[in-house]
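A short write-up of the structure that comes next.
Just so we're clear, the structure is a prediction, and the values are computed from it rather than from any experiment.
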Amino acid sequence: MGRARTFLISAAAVAALITVSGCSEDEPAAEASPSELAHYTAAPGPDTPAQSPTATPECVKTAGMSVAQLTDYLKNLRSAGGEYRSSGLTLDSSGLNFTPEAIQRPCTAVTVKLAHYWVDVEQTREATAVNAARYEYQYTLFEASTRKAGPQDGRVPDTAPPGGNGCQGTVSVVYLGKDIPLSSLPNDLELTGTTAPVPVEVDGDGVLSAIYVSPVDVESC
């Protein structure tokens, strides 16, 4: 819980980049087979009048999926808006949101993990006429939990990311499978001077979404 990793950062100004390296790539997703699809509609009774065939929303059975299968499914679950590369399960300023398109939503709620990390920033060298200020930061895990999302649309309660303060920001990650090691967290965070969360890349096959809230007063560090 309390392990931390330190990085050395150079900044041309207070709002400069904290840069090292790091990125992640999603693995290709596996499509659900026809046998995995189930209908919401009940079978008609003997007294039910015959009706013409109509299209009915389908749901995906996730109960028997492995971690890898469920990860691929959720990574490729598009939002109801249908935008290209949109996601039906995301983290934003209000927390964990579930808004998938109707045709591929899960039949039951899915369980995911949510972790919050402090980003403690310290200035190790002041800026001079010839040298930029130097900063370093370290991560500390301070909260981890499991949450259920779906199958209906909505925000999962009590999942909003903690806000940053003077010298401390936060990174929040929703994921499946093994816990995220500190070494997989972003190495290229930016001091934005705003409390608005921004999406970030976190290395790991099970990562579904991650956001960063910057410290708001780095000059005081």
Side-chain angles (χ1 to χ4, degrees), residues 1-9 15 17-26 67 70-71 74-75 77 79 87-100 109-123 135-150 153-218 220-221:
M1 295 282 291
R3 294 176 301 166
R5 178 184 172 193
T6 302
F7 304 98
L8 203 58
I9 307 101
L17 296 180
I18 304 177
T19 308
V20 182
S21 64
C23 63
S24 65
E25 297 181 359
D26 294 343
V67 171
L70 184 57
T71 300
L74 290 175
K75 283 183 177 181
L77 183 62
S79 70
S87 178
L89 181 67
T90 58
L91 274 173
D92 59 25
S93 59
S94 63
L96 184 59
N97 286 276
F98 188 73
T99 55
V110 293
T111 300
V112 296
K113 297 180 180 181
L114 176 65
H116 298 294
Y117 302 84
W118 290 124
V119 182
D120 294 301
V121 178
E122 180 182 5
Q123 186 181 59
Y135 297 87
E136 63 181 36
Y137 67 87
Q138 62 182 10
Y139 290 108
T140 303
L141 173 67
F142 71 90
E143 184 179 339
S145 60
T146 57
R147 304 285 180 164
K148 288 185 179 294
D153 291 358
R155 180 177 62 85
V156 180
D158 302 319
T159 56
N165 53 48
C167 295
Q168 197 172 56
T170 60
V171 166
S172 301
V173 187
V174 59
Y175 64 100
L176 293 171
K178 296 180 179 179
D179 290 339
I180 306 297
L182 298 179
S183 58
S184 295
L185 297 176
N187 295 340
D188 56 353
L189 298 180
E190 181 179 352
L191 297 174
T192 63
T194 176
T195 58
V198 295
V200 292
E201 296 289 334
V202 173
D203 190 22
D205 294 337
V207 174
L208 301 173
S209 183
I211 54 177
Y212 161 60
V213 178
S214 173
V216 296
D217 187 18
V218 179
S220 65
C221 300

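- To the nearest 0.5 angstrom, Glu201 atom CD is 9.5 Å from Ser209 atom OG.
- Taking OG of Ser145 as the start and NE2 of His116 as the end, the distance is 6.0 Å to the nearest 0.5 Å.
- Residues passing the salt bridge (charged side-chain N to carboxylate O under 4.0 Å, His left out) test with Asp179, sequence neighbours excluded: Lys113.
- Judged by distance alone, with hydrogens and angles left aside, the side-chain atoms of Tyr117 form no donor-acceptor pair with the main-chain N or O of Leu182 at under 3.5 Å.
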* To do: Check step by step if side chain to side chain contact (heavy atoms under 4.5 Å, CB included) holds for Leu89 and Leu77.
  => CA-CA 8 Å; Leu89 181 67; Leu77 183 62; 5.6 Å; no
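- Of all heavy-atom pairs between Val213 and Pro162, the closest is CG2-O, 3.9 Å.
- Contact record, Thr71 with Gly206: CG2-CA, 3.9 Å, taken as the closest heavy-atom pair.
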* Go through the steps for Leu91 and Leu114 under the test side chain to side chain contact (heavy atoms under 4.5 Å, CB included), then give the verdict. => CA-CA 10 Å; Leu91 274 173; Leu114 176 65; 4.0 Å; yes
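- Here OG of Ser87 is found 9.5 Å from CZ of Phe98. Values are rounded to the nearest 0.5 Å.
- In this structure, the separation between CH2 on Trp118 and CD on Glu143 is 9.5 Å, given to the nearest 0.5 Å.
- The CD1 atom of Ile211 sits 6.5 Å away from atom CG of Asp92, with the distance rounded to the nearest 0.5 Å.
- The shortest heavy-atom contact between Phe142 and Thr170 is CE2-CG2, 4.5 Å.
- Residue Val121 comes nearest to Tyr135 through the heavy atom pair CG1-CD2, 3.9 Å, listed as atom of the first residue, atom of the second, then distance.
- Closest heavy-atom contact between Val207 and Tyr175: CA-CB, 3.9 Å.
- Side-chain contact between Val173 and Leu185 is present, with at least one heavy-atom pair separated by less than 4.5 Å.
- Under the rule for a side chain to side chain contact (heavy atoms under 4.5 Å, CB included), the partners of Lys148 that lie at least two apart in sequence or sit in another chain are Ala109, Thr111.
- Side chain of Tyr139 to backbone of Pro186: a donor-acceptor contact under 3.5 angstrom is found.
- Interatomic distance, Cys167 SG to Glu122 CD, rounded to the nearest 0.5 Å: 8.5 Å.
- Residues Pro197 and Ser93 form a side-chain contact, since some pair of their non-hydrogen atoms from C-beta on lies under 4.5 Å apart.
- At distances below 3.5 Å, not a single donor-acceptor pair connects side-chain atoms of Asp158 with backbone N or O atoms of Val156.
- Of all heavy-atom pairs between Thr159 and Leu96, the closest is OG1-N, 2.8 Å.
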